[in-house]
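In each ligand, atom 1 is the first atom listed, and ligand 1 is the first ligand listed.
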Amino acid sequence: MTITLHYFDVRGLGEYIRLLLIDQGIPFTDHRFEVFGEEWEKLKKTMAFGQVPCLTDGNEEYVQTGAIMRYLGRKYDLYGSNISEAAYIDMVFECVRDLRMKYARYIYYSEETKENYDNVTLPGILENLSKLLKTKFVVGDKISIADYVLFEELDVANTTAPGSLNKFENLKQLHANMSARPNIKKYLSTRSARINGVDRQ
Ligand SMILES: N[C@@H](CCC(=O)N[C@@H](CS)C(=O)NCC(=O)O)C(=O)O
């Protein structure tokens, strides 16, 4: 079965999925297209909710980032060992999604100033995430879908607000651990994609 990820040529929500597939050494086609370009306008009409990311696996087609990540998590054993671990993974996952939502509101709709985002919103959520991260990975020493989303958002924070992780030793350590994983390290060394669909970060 061939897996294809359809997403814009930016990191955005698609990057969580790319990181998981790359880290796990799962072959896939990384189908990228220009943000709001001609190809997208055609593709949009075929998408269940008119949005991406979209993952096809054989004849099946999945949309909604959380659904795709959980599908891959279940398929490749990256979703904890029991329902309690899965719930913890979901807690972190949803907290990270809240952070992305705040970032999106700030970057796309200017709902807050950069100063407020960097000094109040971002550190507030990082503090919550730091409290949730008690072990090497989100659940013990086994990687899960939550580690990929957390890593991506920490990396975004580290780029858009340099130094923002400094107060949170465990988040910094997770960022370092994830960056050092061989497949991720190789990918990061060549990645040039923008973080989002607009020109500022
Ligand atoms: N709830 C969806 C949101 C997906 C979403 O907002 N996709 C954006 C890109 S990140 C999109 O497709 N925008 C283009 C459009 O709406 O035309 C998810 O989590 O996947």
Side-chain angles (χ1 to χ4, degrees), residues 3-24 26 28-58 60-76 78-79 86-112 114 117 121-122 125 128-129 132 138 144-161 187-188 191-201:
I3 291 185
T4 301
L5 171 67
H6 308 269
Y7 194 68
F8 297 120
D9 188 19
V10 296
R11 284 161 62 177
L13 299 177
E15 198 69 1
Y16 309 143
I17 303 163
R18 291 189 189 115
L19 287 167
L20 182 157
L21 293 168
I22 289 166
D23 181 56
Q24 294 294 316
I26 299 161
F28 74 107
T29 303
D30 194 2
H31 174 211
R32 295 170 181 245
F33 35 88
E34 195 193 327
V35 177
F36 301 127
E38 265 177 44
E39 188 178 354
W40 167 241
E41 291 309 324
K42 282 189 202 129
L43 201 61
K44 182 175 173 69
K45 298 188 182 91
T46 71
M47 294 288 150
F49 305 118
Q51 292 190 315
V52 277
C54 169
L55 185 102
T56 50
D57 189 358
E60 300 299 328
E61 184 170 297
Y62 307 102
V63 291
Q64 293 290 351
T65 310
I68 294 170
M69 289 297 284
R70 289 179 177 96
Y71 168 75
L72 294 171
R74 292 184 184 103
K75 181 166 179 175
Y76 297 108
L78 301 165
Y79 201 6
Y88 201 77
I89 288 166
D90 281 342
M91 276 168 55
V92 174
F93 192 100
E94 297 304 328
C95 182
V96 174
R97 290 304 309 269
D98 287 350
L99 172 57
R100 166 55 65 151
M101 191 55 78
K102 299 261 186 201
Y103 174 71
R105 285 195 182 137
Y106 147 64
I107 205 78
Y108 291 115
Y109 305 107
S110 302
E111 281 189 12
E112 59 178 310
K114 175 159 177 62
Y117 182 80
T121 304
L122 178 62
I125 299 184
N128 290 340
L129 285 167
L132 288 174
V138 168
S144 73
I145 55 171
D147 296 294
Y148 296 106
V149 295
L150 180 54
F151 170 62
E152 172 60 6
E153 294 307 333
L154 294 179
D155 200 56
V156 169
N158 205 30
T159 308
T160 61
Y187 173 64
L188 296 182
R191 178 170 72 175
S192 63
R194 296 190 336 236
I195 289 175
N196 57 57
V198 291
D199 282 332
R200 62 201 174 93
Q201 296 182 339

Minimum heavy-atom separation for [X] and [Y], please, with both atom names.
X    : Y    : result
L129 : C95  : CD2-SG, 3.6 Å
R32  : A193 : NH1-CB, 3.8 Å
F8   : W40  : CE2-CG, 3.5 Å

Please state whether [X] comes within less than 4.0 angstrom of ligand 1, counting heavy atoms only.
X   : value
G12 : no
W40 : yes
M47 : no

F49 contact mode with ligand 1 (heavy-atom cut-off under 4.0 Å): neither
Region of R97 engaging ligand 1 - heavy atom pairs below 4.0 Å: side chain
Interfacing atoms of ligand 1 (cut-off 4.0 Å, heavy-atom, P53): 20 (O)
May I ask you to say whether [X] pairs ionically with [Y], meaning some side-chain N is under 4.0 Å from a carboxylate O?
X    : Y    : result
R191 : E152 : yes
K44  : E41  : no
E34  : R194 : no

Once you round to the nearest 0.5 Å, how far does [atom1] of [X] lie from [atom2] of [Y]?
X    : Y    : atom1 : atom2 : result
L78  : M69  : CG    : CE    : 8.5 Å
Q64  : L55  : CD    : CG    : 13.0 Å
E112 : T121 : CD    : OG1   : 3.5 Å

Residue, atom name and distance, where the atom is the protein heavy atom closest to [atom]:
atom                    : answer
atom 7 (N) of ligand 1  : V52 O, 2.7 Å
atom 14 (C) of ligand 1 : F36 CE2, 3.6 Å
atom 20 (O) of ligand 1 : T65 OG1, 2.7 Å
atom 10 (S) of ligand 1 : Y7 OH, 3.1 Å
atom 16 (O) of ligand 1 : Q51 NE2, 3.2 Å
atom 2 (C) of ligand 1  : Q64 OE1, 3.0 Å

Option nearest atom 17 (O) of ligand 1 (shortest heavy-atom distance, choices K44, M101, E41): K44
